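Comments concern the structure below.
Since this is a predicted model, take the numbers as computed values, not measurements.
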Amino acid sequence: MGRRKIDMKLVEKLDSRQVTFSKRRTGVFKKANELAILCGIMVVVIVFSIGGKPYTFGNPDVKTVIDRFISDYEKEDNEDEVYASANNLKKLKEELKEVVEMKKSLEKYEDYVNEKVKVKAMEDDLEASEALLLLAEGPIIFSHGKNNNNNNNNNNNNNNNNNNNNNNNNNND
């Protein structure tokens, strides 16, 4: 009489499930011990019962294996961090290069704007100087249209009359 094949499905009865857990847990721990001895490796097995109670097995012991796992994991994590840091540093250097180039462009633009402001100020000063020079020469009378011609004709006539009067005065003397 041999063993019968057991279907891999959840054992329905709670009592039968607890018995199955206890027997199989012992079998798993035994197999883990055999693997550790045959291969010369460190092994840890952690299982939780139906009620949530933890059961452990370790070769040489659970704490030693878990400490080794954590330290190796931290090394890998640190190596990943170093690699990630190197990549981040490379990206940061590229971004810094772009920022420096943008700063140079902005400085050139600022110089351009400052020069433009200076030119505008010079133009304003020049216009003010022109206005002052014109005022220093005398008042400027602006007239528009036909009146301008009539005023010029009247001024010419007045000048002619003054000249005639001066001539007459000279003849009379």
Side-chain angles (χ1 to χ4, degrees), residues 1-137 140 142 144:
M1 191 170 188
R3 297 186 199 183
R4 54 184 186 146
K5 187 171 181 175
I6 299 175
D7 292 333
M8 285 294 132
K9 63 177 186 174
L10 181 65
V11 177
E12 297 296 326
K13 290 184 179 180
L14 185 58
D15 292 339
S16 297
R17 194 180 311 158
Q18 287 175 339
V19 170
T20 301
F21 173 78
S22 181
K23 287 181 180 179
R24 291 206 175 230
R25 181 191 73 229
T26 304
V28 167
F29 288 169
K30 188 175 179 182
K31 290 290 184 183
N33 187 43
E34 290 172 1
L35 182 64
I37 292 170
L38 290 172
C39 299
I41 60 169
M42 298 172 83
V43 176
V44 70
V45 178
I46 303 171
V47 293
F48 289 89
S49 70
I50 298 164
K53 182 178 177 186
Y55 293 89
T56 60
F57 168 80
N59 187 346
D61 62 81
V62 174
K63 183 178 181 336
T64 303
V65 178
I66 289 177
D67 288 344
R68 166 91 187 269
F69 176 78
I70 290 172
S71 70
D72 287 352
Y73 181 76
E74 287 175 349
K75 284 181 188 176
E76 288 177 15
D77 197 32
N78 287 340
E79 289 172 2
D80 289 343
E81 286 179 18
V82 168
Y83 179 74
S85 295
N87 281 340
N88 287 340
L89 183 60
K90 186 177 179 181
K91 287 178 184 177
L92 288 173
K93 283 182 179 180
E94 290 172 3
E95 289 177 12
L96 179 61
K97 190 184 238 183
E98 290 175 12
V99 168
V100 167
E101 289 174 11
M102 289 172 66
K103 182 182 176 202
K104 287 179 183 176
S105 296
L106 283 174
E107 287 172 350
K108 287 179 183 177
Y109 180 73
E110 285 177 348
D111 290 344
Y112 169 76
V113 169
N114 288 338
E115 288 300 316
K116 196 171 181 180
V117 167
K118 287 178 184 176
V119 168
K120 178 67 176 150
M122 292 171 126
E123 287 174 349
D124 291 345
D125 289 345
L126 186 60
E127 286 178 16
S129 296
E130 282 179 332
L132 289 173
L133 285 173
L134 288 173
L135 286 173
E137 291 176 0
I140 300 172
F142 293 103
H144 301 286

Response to the item:
When every non-hydrogen atom of Val28 is compared with those of Val45, the smallest separation belongs to CG1-CG1, 4.1 Å
Discussion item. Under 3.5 Å, is there a donor on one side chain and an acceptor on the other for Thr64 and Asp61?
Written reply: yes
Worksheet entry | Distance (rounded to the nearest 0.5 Å) between Lys120 NZ and Asp125 CG | 10.5 Å
Discussion item. With side-chain contact (heavy atoms from CB on, under 4.5 Å) as the criterion, how do Asn59 and Val65 come out once you've worked through the C-alpha distance, each side chain's angles and the decisive distance to 0.1 Å?
Written reply: CA-CA 8 Å; Asn59 187 346; Val65 178; over 6 Å; no
Discussion item. Restricting to non-hydrogen atoms, name the atom on Glu12 and the atom on Arg17 that form the minimum distance, rounded to 0.1 Å.
Written reply: O-NH2, 3.4 Å
Worksheet item: Quick one: CG on Leu106 to CD on Glu101, what's the gap to the nearest 0.5 Å?
Response: 12.0 Å
Fill in: Glu115/Lys118 ion pair, N-O < 4.0 Å
yes
Practice prompt. Give a yes or no on whether a salt bridge exists between Glu107 and Lys103, defined as a side-chain N under 4.0 angstrom from a carboxylate O.
Written response: yes
Discussion item. Can you list everything that forms a side chain to side chain contact (heavy atoms under 4.5 Å, CB included) with Val62? Sequence neighbours excluded, please.
Written reply: Val44, Thr56, Ile66
Worksheet entry | Side-chain touch Lys31/Glu34, heavy atoms, less than 4.5 angstrom | yes
Item to complete: Determine whether Arg25 and Ser22 make a side-chain contact, defined as any pair of heavy atoms from C-beta on separated by less than 4.5 Å.
Response: yes
Worksheet item: Do the non-hydrogen side-chain atoms of Lys30 and Thr26 ever get within less than 4.5 Å of each other?
Response: no
Worksheet item: Would you say Pro54 and Val47 make side-chain contact, with heavy atoms under 4.5 Å?
Response: no
Worksheet item: So, Ser71 side chain and Arg68 main chain: donor-acceptor pair closer than 3.5 Å or not?
Response: yes
Worksheet item: Is any side-chain heavy atom of Met122 less than 4.5 Å from a side-chain heavy atom of Leu126?
Response: no
Item to complete: For the residue pair Tyr55 and Phe21, establish whether any side-chain heavy-atom pair is separated by less than 4.5 Å.
Response: yes
